[in-house]
There are 2 protein chains.
Amino acid sequence: MRNQAAILAATRGMLSINPDATMAQIAQAAGVGRVTLYGHFSSRAELIDAALADVLHRGNRVLEQLDLDGDPREALGRLVVSSWKLVDESRSLLAAAQRELPEGRIRDLHRDLEGRVQRLLERGQHEGLFRADLPVDWLLATMHALMHGAANEIAAGRLEPEDAGPMLRATLLAAYALPGDA
Amino acid sequence: MRNQAAILAATRGMLSINPDATMAQIAQAAGVGRVTLYGHFSSRAELIDAALADVLHRGNRVLEQLDLDGDPREALGRLVVSSWKLVDESRSLLAAAQRELPEGRIRDLHRDLEGRVQRLLERGQHEGLFRADLPVDWLLATMHALMHGAANEIAAGRLEPEDAGPMLRATLLAAYALPGDA
DNA sequence: ACTAACTCATACATTCCTGTTCGAGTAAAG
DNA sequence: CTTTACTCGAACAGGAATGTATGAGTTAGT
């Protein structure tokens, strides 16, 4: 089992470049024989599942060290900037997972991570600092969509990676602001 | 050539359900033999290119009948609501095109459609009604991303199709508003 | 030195999709 | 009626990817 970590890292890396990456390509990137790869994960789906779970677990550990108290707007700013790179690195892995994994599986794996954001949004709504005329689910979806969009812009060369964080923060705070706000 | 329209419609329909739909599946959906399909489009890429061009051409004709004068915010509202269904119907076709078509091709086909939105955003910025602290490219990307996100939410059953238009309008107008606006 | 776990490359069977070829059927237009 | 355009199914070759089997090499622990 001493190659597990290398395999998961390679899976992350390869699928981030190309969601259709082959088992052979992943094995090569991990510095491992293709057969050995099947020794660890007996199918492509199982590999992708494990890689996604790994990425989300790492993300969760980063975010749980984050202080989300105080003004929800400032907390959201911190959350967005911290989440951004995680999303960027794993966006293509997620695309692969959407094609390979059964229906609800992705949502299940995301639950912890998503709950963290959801609670912050709900708190902001209750404190009257985030708009409440739109459902929390939609606000969540907005955040997801914008992060994906930013990653696409970077991939297309129309956005510099270091600009994405601040732009996301500025856009999301405006989108979440109360309809008639100063 | 009397099946061209049926083929393009079937391509749209099939790829909207599954971006990996086979030539055989598309042919069957079009009520046409697989060989006949190749008679019209000599490769999968050519078919997808034609289907995308067709969809964008239709979209362009819808949008060019739209009045984009007056208050940019109201004009944007109209534009968003009108664009929304077009995007929803063709989102999966676009995903297929991203995998099958050469790099800049999609952007080329989008140019007319995108220019229309871009001009409106620029006018809004110059008139001081849209925020100018973020580049127009980013505002455009925001709109694209949110529409894709809405389509995903619908596909996942977490959003009703008839709610998407108003939510998109509300979210985008807030995101585009001046940072310190009433 | 011996064993157990882990690794490797090569090769194979299977499956699926693409794109092409063939020979023949149909339907409208002259 | 005959030509022309369009259609069809069946079958074939090629490539690519998945998953399996085999036999042998390497490393670590005892």
Separation of [X] atom [atom1] from [N] atom [atom2], in whole Å?
X	N	atom1	atom2	answer
B:Q4	D:dA5	CD	P	16 Å
B:L37	C:dT18	CG	P	10 Å
A:L47	D:dT18	CG	P	10 Å
B:F41	C:dC17	CZ	C1'	19 Å
A:Q28	C:dT10	CD	P	12 Å
B:Y38	C:dC22	OH	P	18 Å
A:E100	D:dG19	CD	C1'	14 Å

(message) side chain to side chain donor-acceptor pair (under 3.5 Å), that's the test. Do B:N152 and B:R91 meet it? Break it down for me.
(response) CA-CA 9 Å; B:N152 280 333; B:R91 86 197 155 92; 3.3 Å; yes
Measure the spacing between [atom1] of [X] and [atom2] of [Y] and express it to the nearest 0.5 Å.
X	Y	atom1	atom2	result
B:L113	B:E64	CG	CD	10.5 Å
A:L68	A:E74	CG	CD	12.0 Å
B:L56	B:H110	CG	NE2	5.0 Å
B:L66	B:S83	CG	OG	7.5 Å
B:L63	B:R78	CG	CZ	11.5 Å

(request) Would you indicate which nucleotide in C:dT20, D:dT22, D:dG19 comes nearest to any side-chain atom of A:V35? (result) D:dT22
(message) The side chain of B:T36 is closest to which nucleotide in this list: C:dT18, D:dT7, D:dT20?
(response) D:dT7
(request) With DNA chain D as reference, determine whether B:R34 or B:G31 sits nearer its 5' end, using the nearest nucleotide of each. (result) B:G31
(message) Counting the atoms with a prime plus P, OP1 and OP2 as sugar-phosphate, which does B:R44 contact under 4.0 Å by heavy atoms, base, sugar-phosphate, or nothing?
(response) sugar-phosphate
(request) Please state whether the phosphate of D:dC6, meaning OP1 or OP2, lies under 4.0 angstrom from any side-chain nitrogen or oxygen of B:H40. (result) no
(request) Scan residues 14-26 of chain B against DNA chain C and write down, sorted by residue number, each residue with any heavy atom closer than 4.0 Å; if none is found, say none. (result) B:T22, B:M23
(request) Could you tell me whether a side-chain N or O of A:Y176 sits under 3.5 Å from a main-chain N or O of A:L139, the two making a donor and an acceptor? (result) yes
